[in-house]
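In what follows, a single structure is set out as structure tokens and then discussed.
Given the structure is predicted, the values throughout are model-derived calculations rather than measurements. Hydrogens, waters and symmetry mates are skipped; everything else that's a heavy atom, side chains included, is used.
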Amino acid sequence: MSEPARGEEFKDDYRKALPQELVQRLARRSAWRSSAALLQDIFVLIVSISVALAFWPNPWVAGIAVVIIGTRQHALFVVAHDAAHYLLYDTRWLNDAVGRACSTVQGLSMRTYRVIHRLHHNNLYGELDPDTALHGGYPRGKAYLIKKLLKDFLGGAPALNTATNKAIRPLDDTSVKLRDEARSDRNAVIFFHLTALVLFGLSGYLVQYLVLWILPLVTVVQAILRLRAISEHGATTDFSSPLTAARTNVAPAWLEWLIFPHHVNYHIEHHLYASVPHYNLRQLHREMVERGVLDGAEVVPFAVTLGKIFAASAASPALTN
């Protein structure tokens, strides 16, 4: 697959820190590894939904299923994130088709996310970074973050931590092609979900659909997304480089599965080399450690991160309303 055209690319911040041939090797896409990651998530979703339906309407089984389903919906979002970076498959139409499918079932437009996510990567902690309003200003005190996470988990509409009064617009260099694709993709997502509501309503499974699919999306997924975003960038103090404005969280395998699926915890590595697919991030991390690229970077156990983001507020009262 050819490299993304100008106005479509995500910039690598440290192209010269590692040998070019190494970066090129780690950036190679593997269709079978991408497919294996996707199929693992789909398998868990199918099993969880099937068990919940078999014991329906047992509230305990349904409750456990909602949590597990939510973690895999979030995992599908991470797969869609790789697709937004053009990292799933060499063939662009296949990459986008799978990424769009993973995001559409969650009510999201992958191609719109691609446009917005370029703002985050290419302007990390800059004036145009749309994610700063979510993870900026931490620590804000334990009660503040707990309240936010509880609101997410109880189905409250996800709100930004601060009002930026800035509309999220594409970068000036965003290609016309990306803009047009995002617009049509949003319309397709709306059509899909209106159709799903009608079909499940006609089938008699509307309640099951709302409980086992929509409920985890508006509760579990929102809480995980907030916690992960703040863990990746919150409570950092030096915004001059991704080495210090991002964080890599070291966690046991079970916690990675729940909160950091598909190696998304290697977040510094991802920002420095956005061309590397998720299944090579662990090897990228090892190479960077051996060469001292991560010296001074915040690579810490997740427990340390929790201590930082739940610490007493260091922000002004105006930021913690």
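Here the CG atom belonging to Leu212 is positioned 11.5 Å from the CD1 atom belonging to Ile68, to the nearest 0.5 angstrom. We find the CG-OG distance between Leu76 and Ser103 to be 9.5 Å, quoted to the nearest 0.5 Å. Rounding to the nearest 0.5 Å places OH of Tyr266 at 14.5 Å from CG of Leu272. Atom CG of Leu206 is separated from atom CD of Gln208 by 8.5 Å, given to the nearest 0.5 angstrom. Separation of atoms CG (Leu258) and CG (Leu227) is listed at 11.0 Å; rounding is to 0.5 Å. Remark: Leu306 CG to Lys308 NZ distance equals 11.5 Å, nearest 0.5 Å.
The ring of His74 has its center no closer than 6.0 angstrom to the ring center of His81. Aromatic rings from His267 and His285 are positioned such that their centres are separated by 6.0 Å or more. Ring centroids of Phe260 and Phe302 are separated by less than 6.0 Å, placing the two rings close together. Ring to ring, His85 and His117 are close: their centroids are under 6.0 angstrom apart. Tyr113 and Phe77 have their aromatic ring centers within a separation under 6.0 angstrom.
The two residues Arg29 and Leu88 have their closest heavy-atom pair at CB-O, 4.3 Å. The minimum heavy-atom distance between Val105 and His193, with the atom names listed, is O-CE1, 3.5 Å. Pairing each heavy atom of Leu149 with each of Ala223, the nearest pair is CD2-O, 3.6 Å. Between Ile224 and Ile259, the closest heavy-atom pair is CG2-O, 4.1 Å. The shortest heavy-atom contact between Leu294 and Val299 is CD1-CG2, 4.2 Å. Across Ala80 and Gly99, no two heavy atoms sit closer than the pair CB-O, 3.7 Å.
A salt bridge is defined here as a Lys NZ or Arg NE, NH1 or NH2 lying under 4.0 Å from an Asp or Glu carboxylate O, and Arg286 with Glu290 fails to meet this definition. Electrostatic pairing of Glu298 and Arg247 counts as a salt bridge here, judged by a charged N lying under 4.0 Å from a carboxylate O. Taking a cutoff of 4.0 Å between a charged side-chain nitrogen and a carboxylate oxygen, Glu181 and Arg100 do not qualify as a salt bridge. Contact check on Asp90 versus Arg28 returns no salt bridge, with no Lys/Arg side-chain nitrogen under 4.0 Å from an Asp/Glu carboxylate oxygen. The pair Glu21-Arg25 does not meet the salt-bridge criterion, since no charged nitrogen lies less than 4.0 angstrom from a carboxylate oxygen.
Ile190 and Leu210 sit in two unconnected hydrophobic clusters of ILVMFWY residues. Membership requires side-chain heavy atoms under 4.5 Å apart, directly or through other members. No continuous path of ILVMFWY side-chain contacts below 4.5 Å connects Leu87 to Met110, so the two sit in separate hydrophobic clusters. Leu255 and Ile230 fall within the same hydrophobic cluster, defined by Ile, Leu, Val, Met, Phe, Trp and Tyr side-chain heavy atoms under 4.5 Å apart, directly or through other members. Clustering ILVMFWY residues whenever any of their side-chain heavy atoms sit less than 4.5 angstrom apart, transitively, puts Val23 in the very cluster that holds Leu243. Side-chain heavy atoms closer than 4.5 Å link hydrophobic residues (I, L, V, M, F, W, Y) into clusters, and following such links, even through other members, never connects Val300 to Val293.
A distance-only check finds a donor-acceptor pair linking the side chain of Gln106 to the backbone of Gln73 [under 3.5 Å]. Side chain of Thr219 to backbone of Gly155: no donor-acceptor contact under 3.5 angstrom is found. Between the side chain of Asn280 and the main chain of Leu26, a donor-acceptor pair closer than 3.5 Å is present. A side-chain donor-acceptor contact under 3.5 Å links Asp185 to the backbone of Arg111. Checked by atom type and distance alone, the side chain of Thr248 pairs as donor or acceptor with a backbone atom of Ile268 at under 3.5 Å.
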**Asked** Does the side-chain contact (heavy atoms from CB on, under 4.5 Å) test come out yes or no for Met288 and Leu284, once each step is laid out?
**Response** CA-CA 6 Å; Met288 293 173 73; Leu284 173 63; 3.7 Å; yes
**Request:** Would you check, one step at a time, whether the test side-chain contact (heavy atoms from CB on, under 4.5 Å) holds for His233 with His271?
**Result:** CA-CA 11 Å; His233 293 288; His271 267 280; 3.3 Å; yes
**Request:** Using the side-chain contact (heavy atoms from CB on, under 4.5 Å) rule, take Ser34 and Tyr279 through it: C-alpha gap first, then chi angles, then the decisive distance, then the call.
**Result:** CA-CA 8 Å; Ser34 293; Tyr279 40 78; 3.5 Å; yes
**Request:** Show your working on side-chain contact (heavy atoms from CB on, under 4.5 Å) between Leu197 and Ile214 and close with a plain yes or no.
**Result:** CA-CA 11 Å; Leu197 283 172; Ile214 301 300; 5.9 Å; no
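Using a 4.5 Å heavy-atom cutoff, the side chains of Pro216 and Ile69 are in contact. Val44 places a side-chain heavy atom less than 4.5 Å from the side chain of Trp257. In this structure, the side chains of His135 and Glu232 stay at 4.5 Å or more apart for every pair of heavy atoms. You'll find the side chain of Val189 stays beyond 4.5 Å of the side chain of Leu108, heavy atoms only. Inter-residue side-chain proximity for Leu22 and Glu287 is flagged as met; some heavy-atom pair is nearer than 4.5 Å. You'll find the side chain of Thr71 stays beyond 4.5 Å of the side chain of Pro261, heavy atoms only. Arg114 has its side chain within reach of Asp96: a pair of non-hydrogen atoms, C-beta onward, lies under 4.5 Å apart. The shortest distance between side-chain heavy atoms of Thr236 and Tyr138 does not fall below 4.5 Å.
A donor-acceptor contact under 3.5 angstrom links the side chains of Asp41 and His262, judged on distance only. In summary, the side chains of Tyr89 and Ser35 do present a donor paired with an acceptor at a separation below 3.5 Å, with no hydrogens or angles considered. Looking at Ser231 and Asn249, their side chains never bring a donor and an acceptor atom within 3.5 Å of each other. A donor-acceptor pair shorter than 3.5 Å cannot be found between the side chains of His270 and His278. Between the side chains of Thr112 and Arg186, at least one donor-acceptor pair of N or O atoms lies under 3.5 Å. For the residue pair Trp32 / Ser30, a side-chain donor-acceptor distance below 3.5 Å is found, with atom types taken as modelled.
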Show me, pair by pair, the donor-acceptor contacts under 3.5 angstrom made by side chains of residues 50-65, not counting sequence neighbours?
unit_1	atom_1	unit_2	atom_2	d
Ser50	OG	Ile46	O	2.7
Asn58	OD1	Trp60	N	2.9
Asn58	OD1	Val61	N	3.1

